[in-house]
There are 2 protein chains.
Amino acid sequence: MSGSAPRFGRAAVIGTGLVGSSLLRVMRREKLADELVGCARRAETRARILELGIVDRAVEDPAEAVAGADLIVVAIHLGGYAGLAEAIGPHLKAGAIVTDVGSAKQVAIAALGPPLPDGVHLVPGHPIAGTEFSGPDAGFAELFEDRWCILTPPDGTDPAAVETVAALWRAAGSEIEIMDPLHHDLVLAMTSHLPHLIAYTIVGTATELEEDVQAEVVKFSAGGFRDFTRIAATKPDFWRDVFLTNREAVLEMLDRFTEDLSALRRAVRRSDADAIMARLARTQQVRKDVIALGQDTEWRR
Amino acid sequence: MSGSAPRFGRAAVIGTGLVGSSLLRVMRREKLADELVGCARRAETRARILELGIVDRAVEDPAEAVAGADLIVVAIHLGGYAGLAEAIGPHLKAGAIVTDVGSAKQVAIAALGPPLPDGVHLVPGHPIAGTEFSGPDAGFAELFEDRWCILTPPDGTDPAAVETVAALWRAAGSEIEIMDPLHHDLVLAMTSHLPHLIAYTIVGTATELEEDVQAEVVKFSAGGFRDFTRIAATKPDFWRDVFLTNREAVLEMLDRFTEDLSALRRAVRRSDADAIMARLARTQQVRKDVIALGQDTEWRR
């Protein structure tokens, strides 16, 4: 059924923040489900998603949300996966598809997989899309357009279920990549988790400068620092969970980075112009590759 | 003469890359000089700036370029300052103003100041503006609009000369900040030099990954890594000179960053969720300040 949009009887989205509410908007716009159920802990959020018209029903209890659902999208922080899976496991209907949007896939599979009953399909996913904002009002249907969505189905997953989830993301405008979960976690540790860990650190370092220097760091942030504040703008509890759940890969990439940073520091300390140059020059090809693959456009500060 | 554009008989710009050629375009558009002289080492560059119509004369010899000039703008890499100052010193006319656009100001003053004869005014400057491109074709007159230009006149500099250089940058659309050179170097080490050093390092780290991982790092770079390739896109010889010339301040900020990175690494390794959260949460106010000061706008990835 490649190329045609999927159609669900009931679809439940657990967690209606930026990503969950954006996907609900897509499913609404593309008429992908007869009934859209949103599950949110806070009464205020439930009232808001009803008001926005992006769900037909808003419920507090995940077990109630998934009852009778053909598709369940887990869009909460990684730290809540295990508890959620225990809560919804017994209430899933046979043949249902469970997918998620989390940034670490080995842990997603470990947490979500075991509590699921036989006959329920787990197709973990990770849309590479975001903004610095959160909550149901921050979402928009175009969030996933021209973005990658990586799916990491465990060995033996029903290919029809994988294709259904792929078709869902294609309806959102995304391009699909199927990847091994371990490989995903390693690649994303480098492309996303380490950059965020470093950006949060450097912005944190700036907060401990003397007050007069700190004010001017903000004022003159266009020199490069601004871009780090942007990367470090997402809500911290999201990244705490990512660092904890993809810990091994994050530490591995961090250690490689730290080695390289030490080498560059040594070259600067020794005023070794050639060694500095050799290290800096390595980066030019990567930037060209990023532009060539359409992952970024020309830029000015 | 605040508010009115300066007017020079002859203005010479030494180095006609991104910044130098952009300033020449401003001076041409605003008719700030009777004669615009561009100084470039390469014959090809000299031919090009004449062809672009942004200079009246293109010369190879800096001594020839500055002869009879009322304003001299040094827009070459910091590493070339000392040699240039020796070459032009004897040829400067009394009352001439020498300014520059370099990213480190203590070293700019140390290199440019002593060889200048009495009666020549040194007003070091640093426009906080750039793109990832270089060369005379990359320049454009709007580069400095709504950007800061920091001036760091040494104690005792003639206020009229400072005001003339300030008026030049206001004509380019910039806002002026007067700063102590040492303070400038410390602030910029944090806002610009350290971010670039780190960005070059992480992009370099990615170039040493196994080939299959490396290809996917580029493919999925929108997750954060892309922004680092952007920061690390400038020509490496430029940053080599910055790191070498502002070495003390860069090492100082780098050591503070490294301490903070070690603390966060330890928290991740120990799976200490509270400690991770405490470190990540420090960054939220800084981002709000950056937005509030108009140094960035909302952003999505």
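Please read these numbers as outputs of a predicted model, since none were measured by experiment. Here is the naming used below: chain letters follow the sequence lines, and residue numbers restart at 1 for every chain.
Looking only at heavy-atom pairs under 4.5 Å with chain B, the residue among Ala263(A), Ser262(A), Gly204(A) that has the most is Gly204(A). Interface check for chain B: of the options Ala273(A), Ala232(A), Ala206(A), Ala199(A), the most heavy-atom pairs under 4.5 Å are formed by Ala273(A).
Thr283(A) has its side chain out of reach of Thr229(B): every pair of non-hydrogen atoms, C-beta onward, lies at least 4.5 Å apart. The shortest side-chain heavy-atom distance between Arg256(A) and Leu209(B) falls under the 4.5 Å cut-off. Considering only heavy atoms from C-beta on, Asp237(A) comes within 4.5 Å of Met277(B) through its side chain.
For the 3.5 Å distance criterion, the side chains of Asp260(A) and Thr205(B) qualify, holding a donor opposite an acceptor.
Applying the 6.0 Å contact sphere to CZ of Arg270(A) captures no more than 12 heavy atoms from other residues, nucleotides or ligands.
Taking 4.0 Å as the cut-off between side-chain N and carboxylate O, Arg265(A) and Asp255(B) count as a salt-bridged pair. A salt bridge is absent between Arg279(B) and Glu208(A); no separation between the charged side-chain nitrogens and carboxylate oxygens falls under 4.0 Å. The pair Arg269(B)-Glu252(A) does not meet the salt-bridge criterion, since no charged nitrogen lies less than 4.0 angstrom from a carboxylate oxygen.
Using a 4.5 Å cut-off between heavy atoms, His183(A) touches chain B through its side chain atoms alone.
Going from atom CD of Glu216(B) over to atom CG of Leu188(A) covers 10.0 Å, rounded to the nearest 0.5 Å. Atom CD1 of residue Ile231(A) and atom CZ of residue Phe228(B) lie 4.0 Å apart, to the nearest 0.5 angstrom. Expressed to the nearest 0.5 Å, how far OG of Ser221(B) lies from CZ of Arg287(A) amounts to 8.5 Å.
Of all heavy-atom pairs spanning Arg147(B) and Ala222(A), the tightest one is NH1-CB, 3.9 Å.
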